[in-house]
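Notes follow once the structure below has been shown.
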Amino acid sequence: MTRIWPWLCAASVALSLFMLGLLLALLLTRGLGHFWPSTLEVATLDSGELIAGEAVRETALPQRDGKERLYFTANRDIDGARWRWVAIESIASRQTPTKLLRLQRGPWGDFIGYLSAYEDGQQRLEGEAAWQALATALAAPANTRPPATLVLETADGQLIRQALADIHRAQRPNAMHPGEKLRYWAHGVWQFLSEGPRAANTGGGVWPAIFGTVLMVIVMSVIVMPFGVLAAIYLNEIAHQGRLTRLVRIGVRNLAGVPSIVYGVFGLGVFVYGIGSSVDQWFFEDTLPSPTFGTGGLLWASLTLALLTLPVVIVATEEGLARIPDSQREGAVALGATRLETLTRIVLPMAMPAMLTAVILAVARAAGEVAPLMLVGVAKLAPQMPLDGDFPYLHLERKFMHLGYHLFDTAFHGDDVQAAIPLVYATALLLVTIVLVLNLTAIFLRHYLRRQRGQPC
């Protein structure tokens, strides 16, 4: 019977790793696959109607035998819809014309059809010359593009005029070879990482959310680490180990299990409405009733998450201090070191890996929290960055964007949830990657410190 336990443990680890691999594979394929130029097709129905778009998926019809296919048809400004279900048996033929075009534009979203003409006030270009002129104009910076107009044609022959200024990208995926598709994919990933959101968070990039997430985690870590480490030092090295100390430890561990939204309510009531309103009355009375610190911002969000992760830091640091043999402390005292010297030169350096473990756990939890941030400072769109070139450079009172909240808002509050699903996967993949990079940095630093002190890694 005892031999089965190692096999059960190994099977549990293997199953966990397998599920983690499936999650990462799903995020990679759905997230990064969003930027790959998908094939566009023109479907001719039995009725003679033409439908141009991207075939997304197929599903079985519940009422009768057969399947239907979902097409992303775009062109919301023409027929008021972006999606259409088509019964497969009603499709007479399917074609993939090389000149079929897909434009990323605003404010109506994508267009799928043909480029009929390019007009810039001096000339009118048609056919391949119009496509070359459009590609050249889009390659230039947005503020240097000519005031041109495009004449676009849908698959069923309708003509519309589109200002060049409202177009972000253009592609003819059916005419691209693999190298061109790879370059287009890489450029799309770069834009996703370096630009701001648009079209109600269903397009554009997430750079402000990346910046806000990393900055909030850094500010939170700077706040929580000194208090967490000092509290752990007091509980393990200074306080009398009696009933009161045990009760304090139990309370700290219980605080680690409090739902995060409770911390958000506490931060809203104490930090925002309590301390923030008082600060406004003392120092920003001229700006009232418009609040400066009496509303959500980076400082209050960081303090709330610092309070949320404080029990984690205390517990991890105290466990590291408890693992240091008492012989190390006794040897230092025997050699004439004071209690302070023993603490600062012997105990704390040996406990440094445990402190970095506390940082890893705090960052991993704080970076993914959304519920408390909705109450204390996160915003759907932040017009100003918390860090810029204007004095005092770091503006703790400003609202900020966060990847977790951006993911939530894109998935549930967009005007087209179906179109936002690929961006949800891409944002989730990015959030996981940021947490992984921050954790790996702390892990490698912990490994280095352990090797420096000759401790087992």
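Because the structure is predicted, anything quoted here is derived from the model rather than measured.
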Distance-only donor-acceptor pairs under 3.5 Å for side chains of residues 208-236, two or more places apart:
residue, atom, partner, partner atom, Å
Thr213, OG1, Ala209, O, 2.7
Thr213, OG1, Leu403, N, 2.9
Ser221, OG, Val217, O, 2.8

Listed pairs under 3.5 Å, donor-acceptor, residues 190-197 side chains, sequence neighbours left out:
residue, atom, partner, partner atom, Å
Gln191, OE1, Arg169, NE, 3.4
Gln191, NE2, His187, NE2, 3.3
Gln191, NE2, Glu195, OE2, 3.4
Ser194, OG, Trp190, O, 2.7

Distance-only donor-acceptor hits, side chain of residues 262-279, under 3.5 Å, sequence neighbours excluded:
residue, atom, partner, partner atom, Å
Tyr263, OH, Leu255, O, 2.7
Ser277, OG, Tyr273, O, 2.9
Ser278, OG, Gly274, O, 3.0

When the side chains of residues 363-370 are checked against the rest of the protein, which donor-acceptor pairs come out under 3.5 Å, sequence neighbours left out?
residue, atom, partner, partner atom, Å
Arg365, NE, Glu369, OE2, 3.4
Arg365, NH1, Ala256, O, 3.3
Glu369, OE1, Ser260, OG, 3.1

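Legend: residues meeting side-chain contact (heavy atoms from CB on, under 4.5 Å) with Ala11, ordered by chain and number and at least two apart, are absent. Applying the side-chain contact (heavy atoms from CB on, under 4.5 Å) rule to Pro178 yields no partners; only residues at least two apart in sequence or on another chain are considered. Contacts of Asn75 classified as side chain to side chain donor-acceptor pair (under 3.5 Å), with partners at least two apart in sequence or in another chain: none. For Asp326, the side-chain contact (heavy atoms from CB on, under 4.5 Å) criterion is met by Arg329, Glu330, not counting sequence neighbours. Remark: Trp83 engages Asp416 in a side chain to side chain donor-acceptor pair (under 3.5 Å) (not counting sequence neighbours). With sequence neighbours excluded, the residues forming a side-chain contact (heavy atoms from CB on, under 4.5 Å) with Val432 are Leu24, Leu27, listed by chain and number. By the ring-ring contact (aromatic ring centres under 6.0 Å, His included) test, Phe444 is found to be paired with no residue, residues two or more places apart in sequence or in another chain being considered. Listed by chain and number, the residues in a side chain to side chain donor-acceptor pair (under 3.5 Å) with Asp388 are His395, Arg398 (sequence neighbours excluded).
Between Phe408 and Tyr405, the ring planes are tilted. Angles from 30° to 60° get that label.
Contact annotation: the side chain of Thr39 never approaches that of Pro173 to less than 4.5 Å [non-hydrogen atoms, C-beta and beyond].
With values rounded to the nearest 0.5 angstrom, Trp85 atom CH2 is found 10.5 Å from Arg69 atom CZ.
Pairing each heavy atom of Asp79 with each of Ala74, the nearest pair is OD1-O, 4.2 Å.
Remark: side-chain polar atoms of Ser16 are paired, donor with acceptor, to backbone N or O of Ser12 under 3.5 angstrom.
For the side-chain contact (heavy atoms from CB on, under 4.5 Å) test with Val312, the passing option among Ile360, Val359, Leu361 is Leu361; the others fail.
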